[in-house]
Peer 1: 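Dumping the structure here so I can ask a few things about it.
All chains are named by letter (A, B, ...) in the order of the sequence lines, taking the proteins before the strands, and each is independently numbered beginning at 1.
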Amino acid sequence: MMSIPGLNLTAAPPETLNLPQAIVTRTKVLAANTEYRFEVAFSRTLAIKLLFGTGTAEFFGTELAPNSTYTFQGTKGAIYTWEGCTLEITGEAQSEYTGEETQMMSYANAHLALEELREKSLHSRDHGPRVLIVGPENVGKTSLAKILTSYAVKSGRQPMVVNLDPRQGMLSAPGSLSAAAFSSILDIEDGWGSSPISGPSPVPVKMPLVYHYGLGNPEEGKLFRPLVTRMALAVTSRLEGDTESRQAGFIIDSPGAISQGKGGVYENIEHIISEFSVNILFVIGSERLYSDLTRIYSNSNYNADEPVAVVRLDKSGGCVDRDETYMKQFRQAQIRSYFFGHKGDNALGPNSQMADFDDLSIFRVIDGSNGHADFRPGDDDDVYGYGTTIYERVTPSSMIQNSLLAITTASANDKHETIRDSSVRGYIYVADVDDVKKKVRLLSPQPGHTPPNAMILGSFPEDVPGLVG
Amino acid sequence: MTSHSAEVAADFKDALQDLKQNSRPEISTLTIIAKENTEHAEAISRVLEDHIKTTRPEWKLPALYVLDSIVKNVGTPYTVYLGRNLYRTFIDAYFIMDSGTRKAMEGLLKTWKQPVPESMDARPVFQPEVTRDIETALIRFRTVAMQQQPRSTPIPTRPLPTPPPQNWAPPPQAPTYTPPPFSMPPATPLPAAPLPAASLPAPALQLAQLLAQFQAAPPPPFPVPSPQPFYQPFQQPFQQPFQQPLPPPLSTPQPPAQTLPLPPALGPYPTALPTFDPNWLQNAMKTMNTSTPQHTAVENGIQVSTESMKVARRDLIMSKLYGPATSQCGTCGRRFDTTPEGRDQKAKHLDRHFKVRTSLAENRAIHRSWYIGEKEWIDYHEIDEASPEFDSVGATVAVPNKTKDKYVPIPDVKDGGRKPCPICQEEFEDHYLPEEDEWVWMDAVNNNGRIYHATCWEEYSRGASDSVPGKRKNMDEGARPGKKRVF
Ligand SMILES: Nc1ncnc2c1ncn2[C@@H]1O[C@H](COP(=O)(O)OP(=O)(O)O)[C@@H](O)[C@H]1O
Ligand SMILES: [Mg+2]
Ligand SMILES: [Zn+2]
Ligand SMILES: [Zn+2]
């Protein structure tokens with residue numbers, strides 16, 4: 001095992017990144033309560049500047065600094081203004097228009113309602129609001145989670161945010177589930193922001209707890225619910241000692257798939273609500289889901305210590321359906337930025353290192369589609385008895401080239417349940433496999449040994465060809 | 001008055017954006033505009049600061065000369081407003097300058113510690129606290145820079161300097177500058193000859209004319225005492241014929257910024273000037289929209305229900321999210337209360353931006369850290385970087401001083417430079433400690449001039465036979481993030 005210091009690694013540029021583009025600068029005057037909605041391709045850059053003295057503006061709840069230039073790539077989003085403002089926009093958008101009708105008033109109301117509960121919890125020293133956001137894909141669940149988080153931070157809180165949607169990572173790679181308390185603003189240009197790096201970061205980093213799920217769909221396979229249980233345990237323990245976050249409460253963002261339900265039954269939603277003791281359920285964009293959940297959690301039917309308030313919010317007209325092609329590019333961008341940082345000042349230098357096949361203990365997730373046709377979700381107590389098979393041990397081969405390995409805190413000899421429940425320390429990327437010499441070239445976020453820990457290889461996220469150029 | 005401020009500021013900003021070299025006439029014009037609009041001094045100061053911050057590096061020095069000219073020729077209230085953020089304005093610009101420009105800036109700073117030449121006021125241009133902080137920072141910067149390789153290229157900063165918009169026209173909502181409803185003489189062209197102070201037209205009109213002149217192709221024939229077209233910041237203030245007597249609170253203490261009654265001698269204004277409201281921008285925006293009273297009650301009885309989400313609570317939302325008594329960080333947009341604590345927090349916050357920028361400028365290789373482990377995450381709690389606690393404990397909860405938390409500053413070349421750990425032969429990793437503002441090796445101890453991994457040394461000195469050098473495993477023990485992690 002050796003590392004190659006001095007090997008100057010740079011991220012392979014996305015193919016079309018450096019095409020010349022017409023830089024057209026224009027100003028956009030926004031009236032109060034409207035938003036500038038835009039979509040920018042991954043190969044393009046859109047720069048947005050709030051002109052000084054013209055009013056205030058926010059991006060999913062995070063306020064823009066006047067006269068600072070924010071650049072976006074591969075982003076769909078909106079700059080909203082409560083009071084009216086003027087933006088200066090440079091670059092090429094795939095689509096852009098002014099949204100006159102938004103849901104910001106109701107989302108801000110949601111924040112105000114949560115703030116009251118937080119105030120109460122200050123006095124009672126009890127838990128603040130425990131929120132779960134559900135709804136189909138692309139109805140703005142993650143956007144609402146960001147708005148509520150930003151507003152809470154702005155109000156001086158330290159809310160805990162839990163991402164249970166593996167299709168899109170939060171402060172981590174796709175395929176993961178994560179949680180972090182937010183005490184600093186979200187990074188407008190970079191989603192939720194950045195996990196810790198070895199140097200300073202212009203926007204303070206966030207400190208996530210990460211588990212690797214390794215599948216795209218929580219309704220498939222048998223890992224999702226135990227991981228929710230584990231996450232709930234960790235979050236609950238954390239909040240016991242963390243007064244500030246306990247009092248601010250938490251916000252759980254969820255994958256659209258769990259809102260489909262089977263015959264009016266939503267096992268994963270119910271599981272999350274009971275494991276996290278959720279007491280506020282925001283339902284976006286589906287009348288049917290709302291009425292089903294209202295029925296399930298109406299006081300007469302639901303017997304729990306505390307009632308669950310089911311609140312319906314409308315979907316914003318600005319929400320964009322993101323097709324698989326976009327989602328795939330989005331995930332690759334997330335993985336690229338895990339290793340190489342965001343851009344400009346935040347550029348990171350990962351480490352290339354060689355490892356022997358024997359150095360790697362890789363556990364591949366056996367998903368639902370893989371010989372477990374009779375798998376029924378729900379009976380995890382039986383399925384996860386002692387010594388269940390969740391993973392299969394794989395020896396490196398060209399099959400794993402371009403894939404992402406999650407480094408757990410478990411050792412290779414641990415039980416599968418232990419590996420599953422271990423949090424993740426980070427990811428390494430398999431850049432190259434030499435079947436003859438039995439060596440792999442790895443991309444690791446930092447120099448040092450290739451860890452001997454158990455590594456999880458999931459079917460999700462998909463391979464990232466050519467991450468290293 | 002406040003939306004008027006925004007207009008004046010926008011015009012001033014327009015004029016600033018044409019300033020691309022050290023041109024004395026242009027700098028004089030800008031100075032005059034500032035002088036004639038002292039009631040908008042705060043807005044103008046902000047625009048100027050902002051311009052210095054965002055304009056291209058090569059246009060920053062001329063803009064700093066404008067600042068210098070204004071504080072020396074006009075004085076209060078600009079010294080107060082510009083003094084507030086001078087630290088940032090100056091330091092941010094300083095870092096991206098080449099060494100020649102830095103020298104020029106250091107020269108400026110020197111003059112700011114002294115009284116205005118030939119002035120009767122014996123006090124320095126800026127209050128000593130203001131300049132002292134800058135000097136401290138420069139000393140610290142030079143120390144750091146000396147340890148680094150000498151660099152010649154300008155250091156990129158964030159936000160990346162973008163060229164200012166070419167022809168920025170005021171948005172339709174904010175129409176071009178219109179004179180305020182003073183009774184004013186009919187528009188007469190500004191005489192090119194020396195202008196007696198008494199015959200000055202109404203300030204607003206004059207501003208419009210000055211701006212028009214400023215934008216006209218040939219520089220206005222300003223009568224300046226020196227024939228050279230360059231602004232010379234180290235000289236005495238220029239003595240234009242139109243110059244009013246300098247603000248005369250010459251030997252009295254500077255009045256506080258909040259209610260700054262200008263000395264009547266200053267300008268052709270009616271004597272009682274409006275007081276300066278530090279929240280003019282927020283107020284301006286409030287009056288632009290609704291003018292309903294603010295709610296301040298903490299509990300408003302907002303139900304967690306579908307119906308309650310549909311109620312329009314605009315004023316409540318505005319007061320909660322854009323509180324009237326807040327000031328925004330110009331770098332990241334975060335808001336702070338204008339209370340004393342809020343001001344402390346903001347100062348701390350700005351200091352963090354500064355430190356980050358300084359060390360980004362050092363251009364060290366940085367990489368993603370490993371995530372913290374589950375147990376450590378559970379024990380972890382966030383500390384706001386702007387809170388008073390932050391310094392003492394750093395970014396994270398205080399962890400008992402474990403062996404691997406030991407660190408040493410990265411040794412200089414003369415002290416042997418970078419050598420691997422003698423025990424495991426591994427290289428040390430560079431880490432930035434925000435609390436110390438220093439680059440260090442974590443998990444390191446210095447024994448008789450040689451640097452070892454603290455954990456290696458501990459095992460070695462314990463004589464632990466079960467430990468295999470090079471396989472330091474302590475995965476389950478928490479370490480502080482961003483610090484040496486070993487698997
Ligand atoms: N108001 C809006 N204007 C423009 N784009 C928006 C708006 N709200 C959401 N989007 C975009 O629509 C997409 C779907 O929203 P998202 O919050 O991710 O939905 P979900 O989490 O429910 O799948 C995202 O790309 C998001 O950035
Ligand atoms: Mg989502
Ligand atoms: Zn800031
Ligand atoms: Zn060592």
Side-chain angles (χ1 to χ4, degrees), chain A residues 25 27 29 32 52-53 55-56 63-65 67-69 82-83 86 88 105-106 108-110 112-113 116 119 154 158 181 183-185 195-200 202 204 207-210 234 237-238 242 280 309 311-313 338 344-345 348-350 409 423-426 445-446 449 451 453, chain B residues 6 9-10 50 54 158-160 162 165 171-173 281 285 288-289 298-299 302 304-306 308-313 316-318 321-322 329-334 356 359-360 364-374 377-378 380-382 384-385 429 431-432 434 475-476 481-482 487:
Chain A
T25 297
T27 48
V29 180
F52 180 86
T56 56
E63 205 179 334
L64 274 66
N67 274 0
S68 285
T69 302
W82 288 97
E83 318 165 284
T86 304
E88 183 186 282
M105 183 65 80
S106 61
N109 275 328
L112 293 182
E116 292 212 355
E119 279 303 321
K154 205 170 199 181
Q158 294 186 357
S183 71
S184 52
I185 63 162
S195 69
I197 53 179
S198 65
M207 202 64 74
L209 171 66
V210 181
S237 315
R238 158 81 177 253
D242 186 343
I280 295 175
V311 177
R312 194 192 128 107
L313 291 170
Y338 172 78
D345 286 352
L348 302 179
T409 47
S423 75
V424 166
R425 297 307 307 277
Q446 62 182 62
H449 301 290
N453 309 46
Chain B
D50 217 72
T54 54
R158 174 195 170 103
L160 287 169
T162 43
Q173 274 192 337
L281 182 55
M285 289 179 309
M288 273 182 225
N289 295 293
V298 173
E299 307 234 341
I302 296 166
V304 189
S305 72
T306 302
S308 168
M309 298 300 112
K310 302 196 168 119
V311 180
R313 299 184 182 89
L316 181 62
I317 290 167
M318 288 313 295
L321 298 180
Y322 293 87
C329 166
T331 302
C332 73
R334 180 172 169 182
V356 166
S359 39
L360 280 175
R364 295 263 179 168
I366 52 176
H367 54 74
R368 173 101 33 218
S369 305
W370 299 118
Y371 304 130
I372 54 179
E374 187 184 65
W377 184 84
I378 289 170
Y380 179 84
H381 66 90
E382 291 285 329
D384 180 1
E385 32 98 12
E429 273 180 60
H431 279 285
Y432 172 74
M475 205 64 192
D476 288 330
F487 284 92

Peer 1: For B:Arg334, enumerate each residue passing the salt bridge (charged side-chain N to carboxylate O under 4.0 Å, His left out) test, keeping only those at least two apart in sequence or located in another chain.
Peer 2: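 Salt bridge (charged side-chain N to carboxylate O under 4.0 Å, His left out) check on B:Arg334 returns B:Asp384, B:Glu385.
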Peer 1: Of all of A:Ala181, A:Pro445, A:Ser184, which one pairs up most often with chain B through heavy atoms under 4.5 Å apart?
Peer 2: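 Most heavy-atom pairs within the cutoff with chain B belong to A:Pro445.
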Peer 1: Calculate, to the nearest 0.5 Å, the distance between atoms NZ and CE belonging to B:Lys310 and A:Met105 respectively.
Peer 2: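 Between atom NZ of B:Lys310 and atom CE of A:Met105 there are 14.0 Å.
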Peer 1: Identify which part of B:Cys329 has an atom lying under 4.5 Å from any heavy atom of chain A, answering side chain, backbone, both or neither.
Peer 2: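 When you check distances to chain A, only backbone atoms of B:Cys329 fall under 4.5 Å.
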Peer 1: Report the residues that fulfil side chain to side chain contact (heavy atoms under 4.5 Å, CB included) with A:Ser106, sequence neighbours left out, ordered by chain and then residue number.
Peer 2: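 Result, side chain to side chain contact (heavy atoms under 4.5 Å, CB included) vs A:Ser106: A:Gln103, A:Leu313, B:Met309.
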Peer 1: Pick one of side chain, backbone, both or neither for A:Glu63, based on which atoms fall under 4.5 Å of a heavy atom in chain B.
Peer 2: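 Contact with chain B involves both backbone and side-chain atoms of A:Glu63.
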Peer 1: Heavy-atom distances under 4.5 Å only: say whether A:Leu209 touches chain B with side chain, backbone, both or neither.
Peer 2: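 Looking at A:Leu209, backbone and side chain both touch chain B.
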Peer 1: Can you tell me if A:Arg425 uses its side chain to pair, donor with acceptor, with the backbone of B:Tyr371 under 3.5 Å?
Peer 2: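 Yes; judged by distance alone, with no hydrogens or angles, the pair exists.
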